[in-house]
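To start, the structure under review is shown below, and the notes come after it.
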Amino acid sequence: MASFQTLPGFRDFYPEDLAKRTHIFRVWRQTAAAFGFVEYDTPVLEPLDLYRAKSGDEIEGQLFSFTDKGDRQVALRPEMTPSVCRLVGERAGSLKRPIKWFSIAEFYRYERMQRGRGRCFFQLNADVFGEAGSEAEIELVALLVQCHRAFGLTEADFYVRLSDRTLWLHYLGSLGLDEGRIRMLLTAVDRFEKQGDDAFAPYVSAHGELPAELKAKLLAFLGIRSFEALEAALGGTAATPAIAARLADWRKLLGGLESMGLSRFVQVDLGVVRGLAYYTGFVFEAFDRKGELRALAGGGRYDDLVAKLGGPDLPAVGFAIGDMTFSLLLQERGLAPQISHAPDVYCVIGGEAERRAAFGDIQRLRTAGFKVEYPLREVAFGKQFKAAADSGAKVALIYGSDELARGVVKLRDLADRTEREVPAADIEASVRGFFEGP
RNA sequence: GCGGUCAUAGCUCAGUUGGUUAGAGCACAAGAUUGUGAAUCUUGGGGUCGCGGGUUCGAGUCCCGUUGGCCGCCCCA
């Protein structure tokens, strides 16, 4: 065995694994639909330039990319955002606003495997296009929260950390920093939680030692964990009209989430900035409360990206939930679904003559939507009853020669082990009666 | 790309200082059992001991390499 394995980082889904995955997707789909999002899909294989245009050349090392037989440079999609920007950009003029779309798709990244991260994974992507106001963020954060709650996860299990790159830019700008320094400092802020002071090393080697006063201000700002603290930090310095307007956006967002009853899932946290990326405003990440797992989901506003990829100016916000960390969390909280493949009906069949009689009923019952199972080969009755019980079926139909001679079939309740005889001529009515109750 | 750690049946594992034909439990299958279920007993299929090389009379065991898993670093769109 094992002469052929899956490629590193790729996964086989045995039936019990696929059942869990399918359950997660089904709940995500239902939830997104309830929020008025509609589903789309895009090709797995895209032009390599699509990702270079968005993220630059350096991401190429993280892609499954190759040259196809038509000499085109292509890549397996590592994310959905550029593709969905293309779709929306192409029809931006004719799509009703707001555009609320979602997808559930598999992605591929050439990375080293770790807990919660492989080379292939699924994501729920949800985006709102065409709404520049923070109403779009309300909608998305609410959907993100519900996509977790729908599985039974509570505020004790996960939360959403909410931050704002716009305010970071205003704040750092108000401290007199130029664009290059601001970009490097945002990177440092992003890494500070994991690396501590080491996160500032790249900045120090590029721009010299960080003045103690500036560093203290930075650490204070990234330590902000409430809107009140945010207001205080900004109001005290230079409450420019732009900052005042931005704080109003924050009030709208937090107020909307509070009205939805979601405040306990949301934590203001300026320590989140989400790398360099393409984010332009609010950014947010979902984590497990215990802090044992990597991020569950991430998202934010990217108002410039549709235009950057050749489309019109179109404001956009979105997030993605990955399936791997999410599954781990469900598993650890004991919320992974118990999926049953049990049939409704198990047919116990005497011999070949009885089998021919049973086949008609089996076909009728299956056509009527019942899940019906029977032994493919002739098997001793004792085995069949055991198989019927093991299958998890609620009821067994017993096709014996004695019964059929009298024009009946035995219907056995596998739970309480009671039996009764029912007319062989209309099994479907009897089975239907059994499942619909007295 | 870097570091740590592990690898024996589908799963969990045992395997003595290196010693004859590599074992157990669970699971699966058949039988005991030609009409009634969670039990018992018997039997069976399944392993190139991850792969390759080396040391040795002899390697699952020791050495080297390699592949893969897991954990962490870098990265994380």
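The figures here come from the full heavy-atom set of this structure, side chains too, leaving out hydrogens, waters and symmetry mates. Labels below follow one simple rule: chain letters A, B, ... track the order of the sequence lines, proteins then strands, and each chain is numbered from 1.
A salt bridge links A:Asp390 to A:Lys386: at least one charged side-chain nitrogen sits closer than 4.0 Å to a carboxylate oxygen. Under a 4.0 Å N-O distance rule, the pair A:Arg97/A:Glu131 does not qualify as a salt bridge. Under the 4.0 Å criterion applied to side-chain N and carboxylate O atoms, A:Asp164 and A:Arg274 are not assigned as salt-bridge partners.
Residue contacts shown for A:Pro8 are limited to sugar-phosphate atoms, with no base heavy atom under 4.0 Å away.
Geometrically, A:Arg165 does not engage A:Phe282 in a cation-pi contact, judged by NZ or CZ lying under 6.0 Å from the ring centre and within 45° of the ring axis. Cation-pi geometry between A:Arg11 and A:Phe121 is not met at under 6.0 angstrom from the ring centre and within 45 degrees of the axis.
Neither side chain, A:Tyr346 nor A:Ser391, offers a donor N or O lying under 3.5 Å from an acceptor on the other. A donor atom on one side chain and an acceptor atom on the other are found under 3.5 Å apart for A:Gln73 and A:Arg52. Remark: the A:Thr42 side chain and the A:Arg77 side chain contain an N/O donor-acceptor pair separated by less than 3.5 Å.
Taking atom C1' in both B:A14 and B:A7, one finds a spacing of 16 Å when rounded to whole Å. B:U5 and B:U21 are spaced 34 Å apart, taking the C1' atom of each and rounding to whole Å. B:C71 sits 38 Å from B:U55 when the P atoms are compared, rounded to a whole Å. B:C13 and B:U8: their P atoms are spaced 9 Å apart (whole Å).
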In B/S/- notation, 5' to 3', how is nucleotides 36-45 of chain B contacted by protein heavy atoms closer than 4.0 Å? BBB-------
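When the P atom of B:C74 is taken as reference, atom CZ of A:Arg117 falls 11 Å away, rounded to whole Å. As rounded to whole Å, 13 Å separates atom P of B:C74 from atom CD of A:Glu111. In this structure, CG of A:Leu186 is placed 17 Å from C1' of B:C76, rounded to the nearest angstrom. Rounded to an integer number of Å, the gap from A:Glu292 CD to B:G72 P is 11 Å. For the pair A:Leu293 CG and B:C76 C1', the interatomic distance rounds to 16 Å; values are reported in whole Å. If you take OH of A:Tyr302 and C1' of B:A77, they are 12 Å apart, rounded to a whole angstrom. Rounded to whole Å, atom C1' of B:A77 lies 14 Å from atom CZ of A:Arg294. When the C1' atom of B:C76 is taken as reference, atom OH of A:Tyr108 falls 18 Å away, rounded to whole Å.
Side chain of A:Gln195, nearest nucleotide from B:G69, B:G72, B:C74: B:C74. Nearest to the side-chain atoms of A:Tyr278 among the listed nucleotides B:G35, B:A77, B:C76 stands B:A77. Closest to the side chain of A:Gln62, out of B:C75, B:G68, B:G3, is B:C75.
The nearest heavy atom of RNA chain B to A:Tyr399 and to A:Arg112 marks one nucleotide each, and the one closer to the 5' end goes with A:Arg112. Of the two residues contacting RNA chain B, namely A:Leu7 and A:Glu285, the nearest-nucleotide position lying further toward the 5' end is that of A:Leu7.
Pair assignment for B:G72 gives B:C2, based on Watson-Crick or G-U wobble hydrogen-bonding distances that are each under 3.5 Å. As the counterpart of B:A30, B:U42 is assigned, both hydrogen-bonding distances of the Watson-Crick or G-U wobble pattern falling under 3.5 Å. B:G25 is paired with B:C11 under the Watson-Crick or G-U wobble criterion, all donor-acceptor distances under 3.5 Å. As the counterpart of B:G52, B:C64 is assigned, both hydrogen-bonding distances of the Watson-Crick or G-U wobble pattern falling under 3.5 Å. Nucleotide B:C57: paired with B:G19 (Watson-Crick or G-U wobble, both distances less than 3.5 Å).
Contact record, A:Asp269 with A:Ser163: O-CB, 3.2 Å, taken as the closest heavy-atom pair.
Judged by distance alone, with hydrogens and angles left aside, A:Arg109 brings no side-chain donor or acceptor close enough to the base of B:C76 to form a pair under 3.5 Å.
In this structure, A:Trp168 and A:Phe221 have perpendicular ring planes: the angle between them is above 60°, well past the 30° mark. Ring geometry for A:Tyr279 versus A:Tyr302: interplanar angle over 60°, hence perpendicular rather than tilted (30 to 60°).
The side chain of A:Arg377 contributes an N or O atom lying less than 4.0 Å from OP1 or OP2 of B:A30. Contact annotation: A:Arg274 side-chain N/O to B:A77 OP1/OP2 distance is under 4.0 Å. Distances shorter than 4.0 Å separate none of the side-chain N or O atoms of A:Gln114 from OP1 or OP2 on B:C2. Contact check, A:Arg191 against B:C75: a side-chain N or O comes under 4.0 Å of OP1 or OP2.
In this structure, A:Phe10 has its ring center closer than 6.0 angstrom to the ring center of A:Phe64.
Contacts between residues 311-328 of chain A and RNA chain B, counted as heavy-atom distances below 4.0 Å, involve no residue at all.
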